[in-house]
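Small disclaimer: the values here were computed from a predicted structure and weren't measured. Residue numbers start from 1 in every chain, and the chains themselves are labelled A, B, ... in the order their sequence lines are given, proteins ahead of strands.
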2 protein chains.
Amino acid sequence: MAKIRSSADEAFLAEYDPRAFPPVAVTADVVALTIRDGQLCVLLVRRARPPEAGLWALPGSFLRTEGAEPETLENAAARALAVKTGLTGLRAAGIHLEQLRTYGDPGRDPRMAVVSVAYVAFAPALPEPAAGTGVAQAAWLPVSTLGLPEPGLPEGATVPETTLAFDHARIVADAVERARSKIEYTALAAAFAGPQFTLAGLRRVYEAVWSIELHASNFARKVLASPGFVEPAGSLETSSARGGRPAELYRAGAGTLLQPAILRPRRAKS
Amino acid sequence: MAKIRSSADEAFLAEYDPRAFPPVAVTADVVALTIRDGQLCVLLVRRARPPEAGLWALPGSFLRTEGAEPETLENAAARALAVKTGLTGLRAAGIHLEQLRTYGDPGRDPRMAVVSVAYVAFAPALPEPAAGTGVAQAAWLPVSTLGLPEPGLPEGATVPETTLAFDHARIVADAVERARSKIEYTALAAAFAGPQFTLAGLRRVYEAVWSIELHASNFARKVLASPGFVEPAGSLETSSARGGRPAELYRAGAGTLLQPAILRPRRAKS
DNA sequence: GGAATAGTGTCTGTCAGACAGTATCGC
DNA sequence: GCGATACTGTCTGACAGACACTATTCC
């Protein structure tokens with residue numbers, strides 16, 4: 001461990017022996033998002049132990065760097081999901097997992113300096129999670145009930161009081177903003193909608209993520225005008241809810257980038 | 001330091017004592033970008049010591065987590081620029097510094113597990129850098145000479161052979177892509193152009209970052225149609241290079257988000 | 001038939017690309 | 001005058017928003 005050294009020694013040694021520096025813990029935290037009952041939900045775990053025991057938090061895990069097989073940050077994120085919530089095989093199932101950003105403000109964890117690399121996972125309706133290691137409870141919670149701060153807070157900004165542990169409310173807010181932006185220009189929304197869906201179902205995904213209502217006809221026109229986004233499944237929806245013409249069923253197309261994009265309405269008229 | 005423990009003990013302790021885990025070094029690395037002689041350039045340092053001695057690398061610094069004032073990742077990035085290249089006061093000068101992403105693949109540093117949080121800085125023409133601690137040389141190098149890989153490589157992907165140390169070529173590629181995307185919908189390009197500039201000068205910034213040619217007339221129309229992007233400085237350029245009507249001078253406007261955006265041409269016509 | 005939902009057609013406004021034409025300099 | 005650069009005007013096509021209209025179901 002680090003002895004007391006002069007500042008000059010420290011700067012010199014930095015190039016040669018990173019172990020001379022005070023330790024930092026690195027975690028991978030996952031913001032798993034899905035749509036349930038028309039609401040955008042995030043997968044949270046209730047912490048069983050201090051610090052922040054009893055509060056909802058993101059599933060996370062410390063990065064394993066030694067041993068037979070050191071892991072990538074992305075693998076640590078997938079492992080955190082499996083260990084904390086019982087959701088396994090996400091990578092094999094093709095669930096999209098991407099890096100969000102990294103949070104390392106001093107004091108964000110009372111134990112020591114902790115740098116958290118946050119990941120976002122986008123998933124269609126998944127099974128109920130199970131409480132894993134160190135977890136009292138695991139559940140999908142609607143993001144609208146969490147009182148999230150504005151996304152994009154600068155580093156060092158004080159995070160408003162919330163019901164989530166550490167600075168996880170801020171991380172969830174950034175993840176939701178990523179999802180809102182990502183469904184504009186990628187075919188990601190189809191991943192939320194499941195194997196087969198109607199245009200109305202896909203529209204409800206956009207409406208849930210963006211928290212707005214969309215014009216059904218214009219939406220359908222734009223989706224069908226984006227080659228590779230959806231392709232007809234060849235059958236009709238069975239027994240629509242409260243009458244009405246049955247909708248055609250679609251499945252996700254081969255494309256990943258939408259051209260043209262499905263842009264959300266921009267306010268900001270001068 | 002960590003003793004040998006069973007896997008179950010390890011998982012249990014993870015919640016209580018992060019120090020029981022093997023140490024990870026965290027660095028903040030900076031990709032500083034600027035335009036020099038019509039070329040997009042990145043600030044690199046030639047490493048004076050092993051590992052990778054003699055190779056060009058990004059200026060970086062290990063995160064300080066203990067002592068009187070633990071620092072944020074962003075402050076560590078600014079400190080790295082100052083210590084390694086002598087460029088100080090960037091934050092005070094309003095230089096834009098934003099987090100890019102985090103790189104933590106096992107084996108990316110031969111010494112130990114190193115997680116690097118990369119930052120991007122966008123700057124107008126800056127003074128020549130000076131070689132700092134552990135650095136043999138510091139210089140602005142055109143990105144076109146570096147043989148960068150495609151941006152957006154997934155985690156764990158093997159980085160092609162380059163002239164840069166570690167996986168820094170990949171980081172620079174991601175930073176350039178960020179800059180290319182960022183000048184579309186923010187007024188960032190004005191930051192490259194300096195305090196006063198002509199529309200042609202601003203256009204050359206876009207052309208350098210995007211590596212394409214733009215139609216001068218359409219470009220001017222789009223820039224002037226984006227409120228808050230530029231405002232006339234009230235004077236004309238003095239002594240244009242090879243004759244021709246002198247161009248009007250502009251300065252950066254108050255806006256930061258461009259509405260409408262200055263979109264780069266999309267190829268991808270079916 | 002009436003209500004409800006699905007889907008099509010059309011009009012209008014915004015913006016990008018192309019390009020012709022005008023303005024103003026150095027030589 | 002001539003070339004070079006700066007800037008303006010106009011046409012066309014792509015796309016978004018609004019909305020009228022038709023189609024098909026349940027009640």
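Separating the CD atom of A/E213 from the P atom of C/dT5 is a distance of 12 Å, rounded to the nearest angstrom. Computed from coordinates, the A/F197 CZ to C/dA6 P distance equals 15 Å when rounded to whole Å. Straight-line distance from the CG atom of B/L263 to the C1' atom of C/dG17: 13 Å, rounded to whole Å. Rounded to an integer number of Å, the gap from B/L258 CG to C/dC15 P is 13 Å. Between the CD1 atom of A/I212 and the C1' atom of D/dA16 there is a distance of 13 Å, rounded to whole Å. Counting to the nearest Å, the C1' atom of C/dC15 and the CD1 atom of B/I262 are 11 Å from each other. In this structure, CZ of A/R264 is placed 15 Å from P of D/dA16, rounded to the nearest angstrom. Atom-to-atom, CG of A/L214 to P of D/dA18 comes out at 11 Å; the value is rounded to the nearest Å.
Scored by the side-chain contact (heavy atoms from CB on, under 4.5 Å) test, A/A179 finds A/L33, A/F122, A/V209 as partners (sequence neighbours excluded). With sequence neighbours excluded, the residues that form a side-chain contact (heavy atoms from CB on, under 4.5 Å) with B/A187 are B/F229, B/L258.
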Filtered N/O pairs between nucleotides 7-12 of chain C and protein, under 3.5 Å:
{"residue": "C/dG7", "atom": "OP1", "partner": "A/E248", "partner atom": "N", "Å": "2.8"}

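Residue A/H215 places at least one side-chain N or O closer than 4.0 Å to OP1 or OP2 of D/dA18.
Applying the salt bridge (Lys or Arg N to Asp or Glu O under 4.0 Å) definition to pairs two or more places apart or across chains, those involving residues 225-234 of chain B are B/E231-B/R251. Listed by first and then second residue, the side-chain hydrogen bond (donor to acceptor under 3.5 Å, both in side chains) pairs involving residues 200-209 of chain B are B/R203-B/E207 (not counting sequence neighbours). Applying the salt bridge (Lys or Arg N to Asp or Glu O under 4.0 Å) definition to pairs two or more places apart or across chains, those involving residues 178-188 of chain A are A/E98-A/R178, A/E98-A/K182, A/E184-A/R264, A/E184-A/R266.
Between the side chains of B/Y103 and B/D174, at least one donor-acceptor pair of N or O atoms lies under 3.5 Å.
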